[in-house]
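Since the structure comes first, as structure tokens, the remarks are kept for the end.
Because the structure is predicted, anything quoted here is derived from the model rather than measured.
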Amino acid sequence: MQNSFIIFQKLLVLFGFMLIGYLSYKKKWISDDTSSQISGLIVNIFNPALIISGVIGSVGNGNWNLVIMDLILAVILFVVLILISPAFVRILGVKKDERNIYAVMLIFSNLGFMGFRSLKNYIEELYGRGAIFYVALYTLVYNILFYTYGIYLFEKERAMQTGQKAKIIFHWKKMINPGMVACLAALLIFAFQIDAPAPAVSFVQYLGNAAIPLSMIITGVSLAKMPLIEVFKDIKMYQFTFLKMLVIPVIAAFVVRLFHLNPVLSGIMVLMFGMPNGSMAVMMAIDYGLDSSICSRGIVLTTLLSIITLPIVAYLI
């Protein structure tokens with residue numbers, strides 16, 4: 001119950017930031033160009049700093065057994081989602097020409113470098129700043145899979161519409177981004193227990209702290225650009241949200257309990273199952289000339305309904 005209350009309180013704060021972004025765009029205090037520039041700062045500076053802040057200044061607290069276990073759990077999470085995605089889209093009754101898009105939304109939520117950043121805020125509140133490092137390891141696995149299997153799903157979707165054959169393409173260059181570099185830097189700091197000077201620790205932590213409010217303000221700006229009435233009329237997206245953010249995490253919570261894992265690692269994994277959609281799917285759909293409105297509606301609805309679903313999931317941790 002305490003976890004649920006913490007999550008609920010934190011969501012209220014984050015939705016407050018989102019409301020500021022929504023109103024700022026409506027009042028024309030933030031333009032499209034400004035929003036894009038702030039997003040660039042979040043992606044390339046503030047969020048990478050948040051990842052590194054999870055380990056910098058914590059020399060002597062490393063535990064490689066937990067790191068290896070966390071990586072294994074991250075791989076398991078994505079493997080499970082990939083395996084259940086074909087059945088998931090059929091249970092939802094998704095049209096054949098939209099199944100790959102829904103599969104992407106199921107598998108790749110908000111863990112990528114363009115995603116919804118509040119998860120790290122929840123983790124820090126529940127388990128402390130050091131636990132953010134374990135979230136960063138999920139980001140490593142996410143990036144590798146998104147730019148391989150995720151790209152394959154988009155190739156497959158486009159191939160279905162053009163009558164061509166889909167191929168698995170490895171976009172290695174796209175995996176070299178600030179988020180991935182920050183994850184690798186965090187691993188090095190952790191592995192070699194690098195003792196950074198106090199000013200450097202404060203500098204990185206100040207930068208990282210800016211990521212959360214700014215990212216939610218930009219999310220609010222995104223909401224202000226959308227016709228919300230269309231979002232709330234999408235019955236299929238309500239069904240998607242119910243299964244993705246409630247049914248699957250609840251099942252995961254009960255299964256994880258059977259293995260008596262480290263409570264921090266198991267708690268993070270269950271929360272990962274229940275997170276809202278991220279924006280990478282939208283960006284990639286646009287890039288491939290596909291219908292991005294499905295992904296956009298998914299971001300809005302899952303983000304808004306997370307204020308209900310996440311406290312329920314947290315209660316089971």
**Item:** Cationic tip of Arg99 above Tyr102 ring, under 6.0 Å, 45° of axis
**Value:** no

**Complete:** So CG of Asp195 and CD of Gln193: to nearest 0.5 Å the spacing works out to 9.0 Å

**Message:** Counting C-beta onward and ignoring hydrogens, is there a side-chain heavy-atom pair between Leu310 and Leu271 closer than 4.5 Å?
**Reply:** yes

**Request:** Say whether, by atom type as modelled, one donor and one acceptor occur between the side chain of Arg257 and the main chain of Ala252 under 3.5 angstrom.
**Result:** no

**Message:** In the structure I gave you, are the side-chain heavy atoms of Val270 and Leu316 within less than 4.5 Å of one another anywhere?
**Reply:** no

**Asked** Under a 4.5 Å cut-off applied to non-hydrogen side-chain atoms, are Ile248 and Phe88 in contact?
**Response** yes

**Asked** So, does Lys156 use its side chain to make a donor-acceptor pair with the main chain of Asn100 at under 3.5 Å?
**Response** no

**Prompt:** Are Leu73 and Leu258 joined in one hydrophobic group, where the rule is that I, L, V, M, F, W and Y side chains link up if heavy atoms are under 4.5 Å apart?
**Reply:** yes

**Message:** Go through it in stages, so that I can follow the logic: the residues are Phe78 and Tyr138, the test is ring pair (Phe, Tyr, Trp, His ring centres under 6.0 Å), and I'd like the CA-CA distance, side-chain angles, deciding distance and then a yes or no.
**Reply:** CA-CA 9 Å; Phe78 285 107; Tyr138 280 80; 7.1 Å; no

**Prompt:** What closest approach, in Å, do Ala49 and Val204 show between heavy atoms, and which atom pair accounts for it?
**Reply:** O-CG1, 3.3 Å

**Asked** Given the rule in the side chain to side chain contact (heavy atoms under 4.5 Å, CB included) test, do Ile101 and Phe154 qualify, once you have shown the distances and angles that lead to the verdict?
**Response** CA-CA 7 Å; Ile101 297 295; Phe154 280 106; 3.9 Å; yes

**Asked** Are Leu66 and Phe192 linked, directly or through other ILVMFWY residues, by side chains that come within less than 4.5 angstrom of each other?
**Response** yes

**Request:** Over all heavy atoms of both residues, which pair between Phe240 and Leu106 is shortest? Give the atoms and the distance, please.
**Result:** CZ-N, 4.0 Å

**Asked** Does Met105 reach the side chain of Ile294, with side-chain heavy atoms less than 4.5 Å apart?
**Response** yes

**Asked** Are any of the side-chain heavy atoms of Ile217 and Ser24 separated by less than 4.5 Å?
**Response** no

**Qualifying residue for side chain to side chain contact (heavy atoms under 4.5 Å, CB included) with Val75, from Leu77, Ile72, Val79** = Val79

**Request:** Tell me, yes or no, whether the heavy-atom count around Lys95 atom NZ, taken from other residues, nucleotides or ligands under 6.0 Å, exceeds 12.
**Result:** no

**Request:** Report yes or no: do Ser306 and Thr303 form a side-chain donor-acceptor pair below 3.5 Å?
**Result:** no

**Prompt:** Using 30° and 60° as the class limits, which term best fits the ring planes of Phe108 and Tyr142: parallel, tilted or perpendicular?
**Reply:** perpendicular

**Request:** Indicate yes or no for a side-chain donor-acceptor contact from Ser202 to the backbone of Pro199 under 3.5 Å, with no hydrogens or angles considered.
**Result:** no

**Request:** First locate atom CD1 of Ile107, then atom CG of Leu153, and finally report the distance between them rounded to the nearest 0.5 Å.
**Result:** 5.5 Å

**Asked** Quick one: CD1 on Ile68 to CG on Asn65, what's the gap to the nearest 0.5 Å?
**Response** 6.0 Å

**Exceeds 12 heavy-atom contacts within 6.0 angstrom, atom OH of Tyr206** = no

**Request:** Determine, using the 4.5 Å side-chain heavy-atom cutoff (strictly less than), whether Tyr22 and Trp29 are members of one ILVMFWY cluster.
**Result:** no

**Prompt:** For the atom pair CG (Asn262) and CG (Asp70), what is the distance rounded to the nearest 0.5 Å?
**Reply:** 9.0 Å

**Prompt:** Hey, are the side chains of Leu304 and Phe15 touching, using non-hydrogen atoms and a 4.5 Å cut-off?
**Reply:** yes

**Prompt:** Out of curiosity, Leu214 CG to Ile42 CD1, how far, rounded to the nearest 0.5 Å?
**Reply:** 5.0 Å

**Prompt:** Between Thr309 and Met245, which heavy-atom pair has the shortest distance, and what is it?
**Reply:** OG1-CE, 3.2 Å

**Request:** Check the hydrophobic clustering (I, L, V, M, F, W, Y; side-chain heavy atoms under 4.5 Å; chains of links allowed) and say if Ile268 and Phe259 are grouped together.
**Result:** yes

**Asked** Is it true that a side-chain atom of Lys244 and a backbone atom of Met275 form a donor plus acceptor pair closer than 3.5 Å?
**Response** yes

**Asked** Does some side-chain heavy atom of Leu301 sit less than 4.5 Å from a side-chain heavy atom of Asn277?
**Response** no

**Asked** What heavy-atom pair brings Leu243 and Pro249 nearest, and what distance separates the two atoms?
**Response** O-CD, 4.2 Å

**Complete:** Of all heavy-atom pairs linking Asn44 and Pro178, the shortest is OD1-CG, 3.1 Å

**Nearest-0.5 Å distance, CG of residue Leu81 to CD1 of residue Ile76** = 12.0 Å

**Donor-acceptor contact present, side-chain Ser35 to main-chain Ser31, <3.5 Å** = no

**Item:** Where Leu261 and Met69 come nearest, the two heavy atoms and their spacing
**Value:** CD2-SD, 4.4 Å

**Prompt:** Would you say Ser85's side chain and Ala103's backbone share a donor-acceptor pair under 3.5 angstrom?
**Reply:** no

